[in-house]
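Below: one structure, written as structure tokens.
Bear in mind the structure is a predicted one, so any value in this text is a computation, not a measurement.
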Amino acid sequence: MPNTPFNKGRSTVLSAACLTAAAALALSACAKPADGPHGAVAGEAVGAVQAASPSATDSLSASASPSASASASASGSVSASASPLVSASGSATPSGSAAASASAPGASKPAAAAGGAPAGTSSGSVFTGLAFDTCTAPPLATMNAWRGTSPYGAIAVYVGGKNRGCAQPQLTASWVGAVAGSGWKLVPLYVGAQPPCQTGSSPEKITADTAVSLGAADGADAVAKASALGMRAGSTLYLDVEAYNTADTACADAVLAYTQSFDRAVKARSYRPGFYGFASSSAAGIARAAEAGAADLPEALWYAKYDGAADTTGSFPYSGGLFGGHRRAHQYQVNQKETYGGVTLTVDRNARDAPVAVTG
């Protein structure tokens, strides 16, 4: 998700030479922005490129190096599924493989469903299929152009948070009503306070002393923002927490306390809490807490793992018993230029089998 100022390096691609230099603590000189709305921030790049080879990143500082999720070539490309196919039920499965950069504009597009229908099925508040997210919610004309011509059936939108990095001039209650009315499913994201040990700057950061109070305030604000947009009670609101060093136990404890407080506030208002994070850091912290039986955790987990696999099962990096029953989403590629209906957007690709907003 290339949309928060503290994480502009999420879509950064590192060459083998840069990875070597990063091992010598020269990452800031090597990070380069991929084709997207933001550039790179030193120290966040490896969190963005989870597909980097473990051998290339083992010597990076722990605060900027989540563990790898796919092998990489010397050019920084990752093994990715070339053309996800959509089954009759709407679930996405990879077909074929190719070496493709996780953020290369020329990477192949997801295959559209037969007859041009958008990928995905929905049952109640759950959507199963392909979704996209982009920094700023697109104009209604763009959404109409992509509806039926693209393989996507859902879009993630940034409803609020002090760390939300892009203006949202289109994101109004009337836009939500029109987009949902045309058949799109909406995934609300809230960019809340960020970890105290996170590299880079954020307008709002968690501390051990403020974790609970911030979580309560942000959870209430997330509900207020979603409600004002026409997303009703029962909607799942995804808290966006970016990469951090999970080996820093004080930092991890503060993030967990903040998340639990956020979740309590959301549930108290009859909404449902979800969570977005990196597979090797922020999302991993939630998975570990779930395995330990912690209370007040998100009901759905959306993990960023840039392996090109458009699924939520084989790519799931945690215990298979966690977040089952239509409660997983996978951001599998970022910064992809795609054109449908004559309109081009740069988007991140997601496979979802998880709850979304309730509208209408």
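Listed for the S235 side chain is no donor-acceptor partner under 3.5 Å among the backbone atoms of Y271. A donor-acceptor pair under 3.5 Å links the side-chain atoms of R327 to the main chain of E299, judged by distance alone. No donor-acceptor pair under 3.5 Å is formed between the side chain of R349 and the backbone N or O of Q336. Within the 3.5 Å criterion, the main-chain N or O of V347 finds no donor-acceptor partner in the side chain of E338. When atom types are taken as modelled, the side chain of S261 and the backbone of A216 share a donor-acceptor pair closer than 3.5 angstrom. Between the side chain of E204 and the backbone N or O of A193 there is at least one donor-acceptor pair closer than 3.5 Å. Side chain of Q168 to main chain of C135: a donor-acceptor pair is present (N/O by atom type, distance under 3.5 Å, no hydrogens or angles). Side-chain N or O atoms of D311 include none that pairs as donor or acceptor with a backbone N or O of A351 at under 3.5 Å. A donor-acceptor pair under 3.5 Å is absent between the side-chain atoms of Q170 and the main chain of L140, judged by distance alone. Of the possible polar contacts, one joining the T149 side chain to the A145 backbone as a donor-acceptor pair under 3.5 Å is found.
The closest side-chain heavy-atom distance from Y258 to D218 is below 4.5 Å. Using a 4.5 Å heavy-atom threshold, the side chains of Q331 and N350 count as touching. Put simply, the side chain of P169 reaches to within 4.5 Å of the side chain of T136, judged on heavy atoms. Residues F127 and H326 are not in side-chain contact: their nearest non-hydrogen atoms beyond the backbone lie 4.5 Å or more apart. Residues M143 and S182 form no side-chain contact, since every pair of their non-hydrogen atoms from C-beta on lies 4.5 Å or further apart. A 4.5 Å side-chain heavy-atom check between D353 and V126 finds at least one atom pair inside the cut-off. Looking at heavy atoms from C-beta onward, D133 lies out of side-chain contact with I155 at the 4.5 angstrom threshold.
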| request: Might you work through the side-chain contact (heavy atoms from CB on, under 4.5 Å) test for L297 and T259, ending with a clear yes or no? | output: CA-CA 7 Å; L297 294 181; T259 302; 5.7 Å; no
| query | Do V159 and L237 pass the side-chain contact (heavy atoms from CB on, under 4.5 Å) test, and can you show the C-alpha distance, the side-chain angles, and the key distance before you say yes or no? | reply | CA-CA 9 Å; V159 300; L237 311 181; 5.7 Å; no
| field | Residue pair R264, V212: steps toward the side-chain contact (heavy atoms from CB on, under 4.5 Å) verdict | value | CA-CA 10 Å; R264 288 192 294 269; V212 174; 4.3 Å; yes
| task | Walk me through it: do T312 and F323 pass the test side-chain contact (heavy atoms from CB on, under 4.5 Å)? | result | CA-CA 10 Å; T312 60; F323 298 97; over 6 Å; no
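With respect to K225 and D221, a salt bridge is recorded, a charged nitrogen being found less than 4.0 Å from a carboxylate O.
The two residues K305 and P317 make their nearest non-hydrogen contact at NZ-CB, 4.3 Å. Residues S282 and A243 approach most closely at OG-N, 4.3 Å, considering heavy atoms. Across all their heavy atoms, H330 and W302 have their closest contact at N-CD1, 4.0 Å. Summarising the geometry of V157 relative to A137, their closest heavy-atom pair is CG1-CB, 4.3 Å, with the distance given to 0.1 Å. When all heavy atoms are compared, the tightest approach of L130 to P110 is CD1-CB, 3.8 Å. Here the shortest heavy-atom pairing between T172 and S174 reads OG1-OG, 3.0 Å.
Legend: disulfide (SG to SG under 2.5 Å) pairs involving residues 243-312, not counting sequence neighbours, sorted by first then second residue: C197-C251. Residue pairs that meet the ring-ring contact (aromatic ring centres under 6.0 Å, His included) test with at least one member in residues 195-225, sequence neighbours left out, do not exist here. Identified under the disulfide (SG to SG under 2.5 Å) test for residues 253-338, with sequence neighbours left out: none. For residues 271-342, the set of pairs meeting the disulfide (SG to SG under 2.5 Å) definition, not counting sequence neighbours, is empty. Note on residues 188-208: pairs passing ring-ring contact (aromatic ring centres under 6.0 Å, His included), not counting sequence neighbours, are Y190-F262. Sequence neighbours left out, not one pair with a member in residues 320-360 passes disulfide (SG to SG under 2.5 Å). Among pairs with a residue in residues 197-221, none fulfils ring-ring contact (aromatic ring centres under 6.0 Å, His included), at least two apart in sequence or across chains.
By the rule that hydrophobic residues join a cluster once side-chain heavy atoms approach within less than 4.5 Å of another member, V343 and W175 end up as members of one cluster. When the side chains of ILVMFWY residues are joined at heavy-atom separations under 4.5 Å, either directly or via intervening members, V241 and L322 end up in a single hydrophobic cluster.
The side-chain contact (heavy atoms from CB on, under 4.5 Å) search around R232 returns V358, not counting sequence neighbours. Here F316 pairs with Y303, Y318 under the ring-ring contact (aromatic ring centres under 6.0 Å, His included) rule; sequence neighbours left out. By the side-chain contact (heavy atoms from CB on, under 4.5 Å) test, T236 is found to be paired with Y238, R272, P355, residues two or more places apart in sequence or in another chain being considered. The side-chain contact (heavy atoms from CB on, under 4.5 Å) test applied to A220 returns R269, not counting sequence neighbours. For S213, the side-chain contact (heavy atoms from CB on, under 4.5 Å) partners two or more places apart in sequence, or in a different chain, are T210.
Taking OG1 from T359 and CG from L229, the interatomic distance works out to 11.5 Å, rounded to the nearest 0.5 Å. Note that CZ of F275 is 8.0 Å distant from CG of D240, once rounded to the nearest 0.5 Å. To the nearest 0.5 Å, atoms OH (Y276) and CG (L189) are separated by 8.5 Å. With rounding to the nearest 0.5 angstrom, the NZ atom of K205 is 9.5 Å from the CG atom of N163. L256 CG to D263 CG: the interatomic distance, rounded to the nearest 0.5 Å, is 9.5 Å.
Other residues, nucleotides and ligands contribute over 12 non-hydrogen atoms within 6.0 Å of the NZ atom of K267.
Relative ring orientation between W146 and Y152 is described as parallel, the plane-to-plane angle staying below 30° on a 0-90° scale split at 30° and 60°.
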